[in-house]
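See structure below.
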Amino acid sequence: MNNLPGPRQPLPATGAPHGAPGLWTTPIRGRVAVAALGWVLVYIAGAVVVVLLGMLAVREWGSGRPPAAPLALTVLAGTAVAALAAVRTHLLRRRRLRWADLGLRRPDRSPLHLLWQIPAVMGTGMVASMFVLIPLAPAGATGDDAASEALGDLVSGGPAYVMLGLATVAVLVPVVEEIVFRGIVLPALRARYRAAVGITLAGGVFAAVHFVPPALPYLLVVGISLCAMAEWYRSIVPGIVLHGVNNAIVFTGVVAGAGAL
């Protein structure tokens with residue numbers, strides 16, 4: 001991954017120095033990062049509109065509402081692929097960049113560190129959640145959210161959709177989210193702020209955009225940890241692995257809770 005072929009050289013994104021401290025060398029910052037994120041949102045919104053139009057067409061033809069499982073899988077996979085298409089079209093091709101410029105490169109440190117980092121990050125996230133959510137439990141706080149409902153819809157489709165859903169949430173989604181949040185958002189913030197501030201802000205953005213208030217403490221810990229790992233490894237690849245393991249465990253818990261195992 002470190003030496004991807006490409007005859008063209010990257011175009012500088014701004015007049016700022018090339019590369020953020022502690023990160024892989026990247027020209028992604030400022031208006032370029034904002035524009036790329038804007039296109040990602042546009043493409044995701046377009047994918048959602050396509051799904052909604054498809055649902056309306058199915059109803060118009062008298063077939064009723066589409067089954068929940070294929071609908072949930074289409075939304076999850078469709079929005080992820082749309083985000084990748086936006087990055088490929090409006091960032092990499094337009095700026096003559098490579099995937100390595102987004103952090104998809106060989107890590108500078110041994111990936112064996114993941115053997116302790118994965119349980120450490122997930123354990124810390126669970127402890128943070130307990131400290132924040134247990135005092136709120138008497139007030140009626142619950143763990144139900146739209147994300148769990150979407151995963152539950154996948155489970156309702158049977159074993160085939162369970163396997164496709166697992167591949168989506170444990171492989172496709174982590175790749176896309178790490179490219180967006182650690183490959184674009186983090187370098188853009190690190191170009192303006194010191195490590196502690198930039199990493200915390202990028203982790204906070206990651207947690208906030210999931211729109212799952214009960215999981216916010218956990219997501220914040222994971223988001224900040226993934227940002228710190230991106231700088232430590234100088235690569236987003238180990239973060240993709242941690243992210244995938246985390247999502248796989250969550251998905252398996254949903255499947256087990258639904259009695260599909």
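Positions are given from 1 along the sequence. Since the structure is predicted, the reported quantities are computational estimates derived from the model, not experimental observations.
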**OP:** For Asp101 and Arg98, indicate whether the former's side chain and the latter's backbone hold a donor-acceptor pair under 3.5 Å.
**Re:** yes
Original post:
Which value, rounded to the nearest 0.5 Å, describes the distance between Thr200 atom OG1 and Tyr193 atom OH?
Top reply: 12.0 Å
**OP:** Please lay out, stage by stage, how Leu114 and Tyr233 fare under the test side-chain contact (heavy atoms from CB on, under 4.5 Å).
**Re:** CA-CA 11 Å; Leu114 287 170; Tyr233 284 104; 4.0 Å; yes
Original post:
Applying the 4.5 Å side-chain criterion to the ILVMFWY set and letting contacts propagate, would Val173 and Val222 be lumped into a single cluster?
Top reply: no
**OP:** Start with the C-alpha gap between His90 and Tyr43, add the side-chain angles, then the distance that decides, and say whether side chain to side chain donor-acceptor pair (under 3.5 Å) holds.
**Re:** CA-CA 11 Å; His90 297 282; Tyr43 272 54; 2.9 Å; yes
Original post:
Should Tyr218 and His210 be marked as a side-chain contact (heavy atoms from CB on, under 4.5 Å) after you check the CA-CA gap, both sets of side-chain angles, and the distance that decides it?
Top reply: CA-CA 11 Å; Tyr218 184 87; His210 281 77; over 6 Å; no
**OP:** Determine, step by step, whether Phe181 and Val209 satisfy the side-chain contact (heavy atoms from CB on, under 4.5 Å) criterion, reporting the C-alpha distance in whole Å, the side-chain angles of both residues, the deciding distance to 0.1 Å, and the verdict.
**Re:** CA-CA 10 Å; Phe181 291 105; Val209 300; 3.2 Å; yes
Original post:
Distance from Leu102 atom CG to Ile184 atom CD1, nearest 0.5 Å?
Top reply: 5.5 Å
Original post:
Passes side-chain contact (heavy atoms from CB on, under 4.5 Å), Leu97 versus Ile28? Steps please.
Top reply: CA-CA 9 Å; Leu97 301 175; Ile28 301 169; 4.0 Å; yes
Subject >> Check: Arg29 side chain, Pro187 main-chain N or O, donor-acceptor pair, under 3.5 Å >> reply: no
Original post:
Hey, does the Lys NZ or Arg CZ of Arg182 hover above the aromatic six-ring of Phe206, less than 6.0 Å from the centre and inside 45° of the axis?
Top reply: yes
Subject >> Backbone of Ile44 reached by a side-chain donor or acceptor of Thr79 within 3.5 Å >> reply: no
Original post:
Are Val171 and Val245 co-members of a hydrophobic cluster defined by side-chain heavy atoms under 4.5 Å apart?
Top reply: no
Subject >> Heavy-atom closest pair, residues Ile199 and Cys227 >> reply: CG2-CB, 3.7 Å
Original post:
Hey, any chance Met163 and Val255 share a hydrophobic cluster, counting ILVMFWY side chains that come within less than 4.5 Å of each other, even indirectly?
Top reply: no
Original post:
Once you round to the nearest 0.5 Å, how far does CE of Met229 lie from CD1 of Ile224?
Top reply: 14.0 Å
Original post:
Between His243 and Leu226, is any pair of side-chain heavy atoms under 4.5 Å apart?
Top reply: yes
Original post:
So which heavy atom on Thr74 is nearest to which on Pro70, and how close?
Top reply: OG1-O, 2.7 Å
Subject >> Minimum heavy-atom distance Ala82-Ala47, with the two atoms named >> reply: CB-CB, 3.9 Å
Original post:
Ala83 and Val176: which non-hydrogen atoms are nearest, and at how many Å?
Top reply: CB-CG1, 3.6 Å
Original post:
CG of Leu84 to CH2 of Trp99: how many Å apart, nearest 0.5 Å?
Top reply: 5.5 Å
Original post:
Which atom pair, heavy atoms only, marks the closest approach of Val237 to Arg105?
Top reply: CG2-O, 3.5 Å
**OP:** Enter the distance from Met122:CE to Ile249:CD1 here, rounded to the nearest 0.5 Å.
**Re:** 3.5 Å
**OP:** Determine, using the 4.5 Å side-chain heavy-atom cutoff (strictly less than), whether Val205 and Val197 are members of one ILVMFWY cluster.
**Re:** yes
Original post:
About how many Å separate CG of Leu242 and CD of Glu178, when rounded to the nearest 0.5 Å?
Top reply: 8.5 Å
Original post:
Can you tell me if Asn247 uses its side chain to pair, donor with acceptor, with the backbone of Val169 under 3.5 Å?
Top reply: yes
Subject >> Transitive ILVMFWY side-chain link Leu216 to Val132, under 4.5 Å >> reply: no
Original post:
Can you find a pair of side-chain heavy atoms, one from Met130 and one from Val127, that are under 4.5 Å apart?
Top reply: yes
Original post:
Between Gly244 and Pro174, which heavy-atom pair has the shortest distance, and what is it?
Top reply: CA-CG, 3.6 Å
**OP:** Would you check if the side chain of Trp116 reaches a backbone N or O of His113 as a donor-acceptor pair within less than 3.5 Å?
**Re:** yes
